[in-house]
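Below is one structure; the comments refer to it alone.
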2 protein chains.
Amino acid sequence: MAPTHDPQLLKGVLSLLLLRLLAERESYGYEVVQRLRELGLTDISEGSVYPALARLEREGRLHGRLVASRSGPARKYYRPTPAGDQALAQGTESWLSLAAVVHPVLVRRLPDPPTADPATAGPPRATPPTVTPPTATEDTGR
Amino acid sequence: MAPTHDPQLLKGVLSLLLLRLLAERESYGYEVVQRLRELGLTDISEGSVYPALARLEREGRLHGRLVASRSGPARKYYRPTPAGDQALAQGTESWLSLAAVVHPVLVRRLPDPPTADPATAGPPRATPPTVTPPTATEDTGR
DNA sequence: CACCCTACTCGACAATGCAAGGTACCTGGC
DNA sequence: GCCAGGTACCTTGCATTGTCGAGTAGGGTG
């Protein structure tokens, strides 16, 4: 992804990604950070991930267990609880249906800039017919 | 989209959508709310939209002008400034590249749940090879 | 010992959507 | 006149969550 992203866009997404990655494979915090980096999300720092993990654990969505390491400090492994699985399913649906709306809007053509904008304060041009919203299943192909 | 969405997911997205819709066509606040609703975003209330519009105007990204209405109250029309156009371009790129990461992760298959989890505290299974991150251009088709 | 890597914690902060409460201008019915 | 409904707008306090910056601790190596 772009080297810098708007932090606001990540809100709600980070915890969803964490649940998802940990549903795929149990991991410890540092490893999760690395997996996020491998996905291209290089701007996400440990200072963001650990509190998010702690929050999900506190909410009962993640189960954490401390495992002594043979060399180096102990590792805290996480995986989703059933409540976490449910949150993941709901959050996934939520994100997918939002993206199904946002993506087509962002990629469709912009109209040409208006020429020689009239300086009058007249009302803008009449409302054109509304576009039909895409269905939530429109963007599931990959 | 789903009747209820996680409000956090909308952070950063709402202002992006506002810039986009207003770049396509100058509109007044109430009309923008209706256009968002037509897109399927029925959970977005005016209490969210007006402060966002005011914020974008204060930041110099939107230009607002009050137009008296023939019947009913005056309408405040908005359209993006050049700074707003730039913010839209950057925000669009940011969202698209984030979505290019998030979407494939959310739709790929989950592994089967592990059977009869061993109750021992042994370290989890060895780390499998990492998956290659998708490119940012992977999800531009529609 | 110092340094580096691994692995984790924590508190203050900023940003932004949301809920709730309101205001004002019209029109139509009683 | 009053009231209800619709249009159109405004505002404030709040909750949430990622970010930043600062740290801690366990090992191995020179």
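Numbered from 1 within each chain, the chains take letters A, B, ... in sequence-line order.
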Sub-3.5 Å donor-acceptor pair from the side chain of [X] to the main-chain atoms of [Y], do we have one?
| X | Y | value |
| --- | --- | --- |
| T81(A) | R61(A) | yes |
| S94(B) | Q90(B) | no |
| R75(B) | V67(B) | no |

Rounded to the nearest angstrom, tell me the gap between atom [atom1] in [X] and atom [atom2] in [N].
| X | N | atom1 | atom2 | result |
| --- | --- | --- | --- | --- |
| K76(A) | dA25(D) | NZ | P | 17 Å |
| Y28(A) | dT6(C) | OH | P | 9 Å |
| L10(A) | dT19(D) | CG | C1' | 10 Å |
| R70(A) | dT6(C) | CZ | P | 16 Å |
| L9(A) | dA15(C) | CG | C1' | 12 Å |
| L66(A) | dT6(C) | CG | P | 19 Å |
| Q8(A) | dT17(D) | CD | C1' | 9 Å |
| Q34(A) | dC8(C) | CD | C1' | 14 Å |

With under 30° as parallel and over 60° as perpendicular, where do the rings of H103(B) and W95(A) fit, or are they tilted in between?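 Answer is tilted, since the angle falls between 30° and 60°.
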
Reported CG-to-CG distance for the pair L53(B) and L22(B), which is rounded to 0.5 angstrom: 6.5 Å

From R79(B) CZ over to S27(B) OG, what is the distance, rounded to the nearest 0.5 angstrom? 11.5 Å

Got a donor-acceptor pair under 3.5 Å from the side chain of K11(A) to the base of dT16(C)?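 By the distance-only test, no, there is no pair.
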
Residue pair L98(A) / D6(B), side-chain heavy-atom distance below 4.5 Å: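 Not touching, per the 4.5 Å side-chain cut-off.
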
Which of these nucleotides, dG28(D), dC9(D), dT27(C), is closest to any side-chain atom of R75(B)? dC9(D)

Pick the closest DNA chain D nucleotide for P73(A) and for S15(A) by heavy atoms, then say which residue is nearer the 5' end. S15(A)

DNA chain C contacts among residues 50-57 of chain B, heavy-atom distance under 4.0 Å: A52(B), R55(B)

G29(B) near the nucleic acid: base, sugar-phosphate alone, or nothing, with a heavy-atom cut-off under 4.0 Å? sugar-phosphate

How is S48(B) classified with respect to the nucleic acid when contacts are heavy atoms under 4.0 Å: base, sugar-phosphate, or nothing?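 The residue S48(B) makes base contact.
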
Tell me which of L14(B) and Y30(A) sits closer to the 5' end of DNA chain C, going by the nucleotide each one is nearest to.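 Result of the comparison: Y30(A).
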
